[in-house]
Amino acid sequence: MQTEVIKVTPENLATAAEQAGALLRDGEVVGIPTETVYGLAANAFDETAVSKIFKAKGRPQDNPLIVHIAKFEELEALVTEVPEAAKQLAEAFWPGPLTMILPKSDKIPDAVCAGLQTVAIRCPSHPVAHAVIEKAGVPLAAPSANLSGSPSPTNAKYVYDDMNGKIPLILDGGQSAVGVESTVVTLALDRPRVLRPGGVTVEQLRAVLHEVDVDEAVVKPLKKGAVAASPGMKYKHYAPKAEITILKGSFEQFKAYVEAKNAEEHFVLCFEGEEKDFPHAVTYGRCGDGLSEANRLFDALRELDEQGAKTVFARCPSENEVGLAVYNRLLRAAAFRVVEL
Ligand code: AMP
Ligand code: MG
């Protein structure tokens with residue numbers, strides 16, 4: 001299959017979105033930009049189309065997908081009930097990088113939810129994503145547009161690298177603004193619980209709902225035999241080919257640790273301004289600035305591979321605000337290898 005890439009501008013937005021919408025109505029899979037990362041979209045009501053997403057990504061069948069809608073009103077048909085908390089969160093954060101999990105209605109096929117009784121739903125703010133959902137005329141199931149296990153793509157080139165020959169169309173809407181996937185919060189338990197941190201922070205959620213729990217698996221490996229609240233959390237994730245180790249401590253401690261290891265042989269993943277101290281370095285944002293770190297993390301992981309890194313020592317992000325999302329992704333990219341300095 002030939003993969004066409006269309007650069008979307010304000011002038012061609014309507015025609016590009018219609019071309020994508022027609023393919024989606026036809027049961028095809030299309031790569032689309034969102035404000036979090038690029039998504040691999042298919043008609044959420046079409047089980048055969050949804051199965052093509054799993055095939056293109058090599059995604060395990062038991063890892064459910066997020067359903068994307070263009071406006072809040074579309075939520076009602078997809079869930080059994082819209083609780084007050086969902087209305088409050090949508091009011092505060094939609095359109096935007098927040099996914100809510102609710103008990104699903106019969107309209108959602110099992111393939112989307114991997115057999116669970118709940119469905120994950122998000123209303124993205126990216127104008128291209130919004131236009132494509134509207135033109136398709138159906139909700140779109142869309143995971144991140146990477147091969148399963150690889151870092152999520154934040155631009156059309158990285159989608160092309162992973163999906164060339166597997167899907168008919170990628171819309172290029174520029175660099176994703178947030179750079180990590182959406183915050184996932186479940187409203188299907190007794191209390192709201194964050195299953196995956198993202199661009200909407202735990203602090204922001206608590207400002208709206210007051211009581212919000214954070215799942216243990218956000219910063220810890222799942223215990224042997226435990227059932228993942230969010231199936232995606234149990235898989236190897238975001239992993240570049242290089243072996244990453246996170247070093248927790250000050251920059252001085254980090255530098256001393258790497259120098260003692262023979263810096264020539266290793267790569268470092270550090271913050272802006274720190275790279276001059278190392279022969280092989282890739283940066284991911286400004287120290288303590290979670291937004292800038294999120295924005296750079298997945299690209300930095302791909303750049304490490306492009307530069308042939310074998311072993312990487314990574315600076316540790318803070319666990320506050322968007323930093324928690326960055327730490328959550330980096331931990332998985334590092335297969336939970338952390339050294340306390
Ligand atoms: P991605 O599509 O790559 O952004 O990943 C979506 C994430 O949401 C994965 O970690 C899924 O396991 C999680 N997810 C999707 N639907 C559900 C659901 N119904 N219940 C719990 N987690 C879900
Ligand atoms: Mg993903």
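Every number for a ligand or one of its atoms is a count from 1 in the order of the listing. Sequential numbering from 1 along the given sequence is applied to the chain's residues.
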**Prompt:** Will you find, in the side chains of T283 and E274, an N or O donor that is under 3.5 Å from an N or O acceptor?
**Reply:** no

**Item:** Mode of I66 contact toward ligand 1 - side chain, backbone, both, neither (heavy atoms, under 4.0 Å)
**Value:** side chain

**Message:** My understanding is that we take every heavy atom of each candidate and find the minimum distance to atom 19 (N) of ligand 1. Doing that for I108, T118, V180, which one comes out nearest?
**Reply:** T118

**Item:** Polar contact flag for K57 and ligand 1 (N/O pairs, less than 3.5 Å)
**Value:** no

**Item:** Interfacing atoms of ligand 1 (cut-off 4.0 Å, heavy-atom, A120)
**Value:** 15 (C), 16 (N), 17 (C)

**Prompt:** Quick check: does N63 get an N/O under 3.5 Å from an N/O on ligand 1?
**Reply:** yes

**Asked** Taking only heavy atoms of R196, which atoms of ligand 1 are found under 4.0 Å from at least one of them?
**Response** 1 (P), 4 (O), 5 (O), 6 (C), 7 (C)

**Asked** What about F254 and F313, are their ring centers closer than 6.0 Å?
**Response** no

**Request:** For L116, counting its heavy atoms only, list the atoms of ligand 1 lying under 4.0 Å from any of them.
**Result:** 18 (C), 19 (N), 20 (N)

**Asked** Is it true that some N/O/S atom of S144, main chain or side chain, lies under 2.8 Å from the Mg ion (ligand 2)?
**Response** yes

**Prompt:** Can you tell me if C113 has a non-hydrogen atom under 4.0 Å from ligand 1?
**Reply:** no

**From R59 atom CZ to N146 atom CG, the distance as rounded to the nearest 0.5 Å** = 8.5 Å

**Message:** Tell me the closest heavy-atom pair linking V326 and L297, and the distance in Å.
**Reply:** O-CD2, 3.9 Å

**Item:** R59 to ligand 1, any heavy atom closer than 4.0 Å
**Value:** yes

**Prompt:** Do the side chain of D213 and the main chain of R191 share a donor and acceptor less than 3.5 angstrom apart?
**Reply:** no

**Message:** I'd like to know if the side chain of S150 pairs up with that of R302 as donor and acceptor (distance under 3.5 Å, no hydrogens or angles considered).
**Reply:** no

**Asked** Are side-chain N/O atoms of N12 and T9 paired as donor and acceptor at under 3.5 Å?
**Response** yes

